[in-house]
Structures are given as structure tokens and as C-alpha cells.
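Report on the following structure.
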Amino acid sequence: QVQMGESGGGLVQAGDSLRLSCVASGRTFSEDIMGWFRQAPEKEREYVAVISGSGRTTFYTDDVRGRFTISRDNANNALYLQMNSLKPEDSASYYCGKWISGNTYLPTSYHFWGQGTQVTVSS
């Protein structure tokens, strides 16, 4: 991705897969903790997955563990979220963020710079 921010969302059916991407133009985050968060209409932004700067350590919220995989390509300043076996309850706008300080599971600990990418999963 040439432009910074999130991409890869779309309208899919339950059981389908999507791969989200996040890039930064004009900045780097190759050594930073990064996270994926999502926000459904009328809901607060919530933690989905976190990855260490090296990419060797990952964490997932219980609802997506075993279905989603967070990864990164530091050489290309890119972050990814592979989403398999999608469910209607996964529908939300997805955001990538750079950890700044504090609890790594809270959105208030991150800097978000993109507009998000919409994921809609139908039954």
C-alpha cells in the first residue's frame, strides 16, 4: 500500500475471509508495538489483536482467537490482519494503531491515523 491507513475491508458472507492491510507513508513503525481495533455503530472502539515490534509475540481478544492472525512486514512498514471464518458479529470499522503508552489492550493507549476500513459480514 502506497497510502497510509487501512485497506482491504468489504462485504462478505459468513464463513468467508478477508485480509486487512495498514501502511504508513512518511513515517515508520517497524520497531513499535502495533494493534488492530474495531468499532461497530453505536459501540466503543475495542481491542482485536496486538503484535510486538519484532512480530514474534501476538495477543488476541477471545472472540477472534483461532480465526484471526495479526502479522507485520517491517521492511515494508506494513501491518496485516488475516480474518478467517468471519461472523456477522465481526462487522465493524477496523483501525490500525501505534502504541504510545499505557495498557496495550486499550484504544486510548494508541495513535490512530487512518479513517478505518469497513468490514460487513452477512448471515
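Annotation: side chain of I33 is in contact with side chain of V50 (closest heavy-atom distance under 4.5 Å).
In this structure, a donor-acceptor pair under 3.5 Å is present between the side chains of N84 and S17.
Remark: side-chain polar atoms of S109 are not paired, donor with acceptor, to backbone N or O of W99 under 3.5 angstrom. No side-chain donor-acceptor contact under 3.5 Å links T58 to the backbone of I51. Looking at S93, its side chain never comes within 3.5 Å of a backbone N or O of G116 through a donor-acceptor pair. Listed for the N76 side chain is no donor-acceptor partner under 3.5 Å among the backbone atoms of A78. Formation of a donor-acceptor pair under 3.5 Å by the D16 side chain with backbone atoms of S85 is not found in this model. Of the possible polar contacts, one joining the S52 side chain to the T57 backbone as a donor-acceptor pair under 3.5 Å is found.
Under the 4.5 Å side-chain heavy-atom criterion for Ile, Leu, Val, Met, Phe, Trp and Tyr, V119 and Y80 are members of distinct hydrophobic clusters. M34 and I100 fall into different hydrophobic clusters, defined by Ile, Leu, Val, Met, Phe, Trp and Tyr side-chain heavy atoms under 4.5 Å apart, directly or through other members. The cluster map of Ile, Leu, Val, Met, Phe, Trp and Tyr, joined by side-chain heavy atoms under 4.5 Å apart, puts Y47 and L20 in different clusters.
Listed by chain and residue number, Y110, F112 satisfy the ring-ring contact (aromatic ring centres under 6.0 Å, His included) test with F37 (two or more places apart in sequence, or in another chain). Scored by the salt bridge (Lys or Arg N to Asp or Glu O under 4.0 Å) test, R67 finds D90 as partners (sequence neighbours excluded). Applying the ring-ring contact (aromatic ring centres under 6.0 Å, His included) rule to Y60 yields no partners; only residues at least two apart in sequence or on another chain are considered.
Note: T69 OG1 to L81 CG = 8.0 Å, rounded to the nearest 0.5 Å. Taking OH of Y95 as the start and CZ of R38 as the end, the distance is 13.5 Å to the nearest 0.5 Å.
Using a 30° and 60° split on the angle between ring planes, F59 and Y105 fall in the perpendicular class, above 60°.
Annotation: E31, atom CD; neighbour count of heavy atoms from other residues, nucleotides and ligands within 6.0 Å does not exceed 12.
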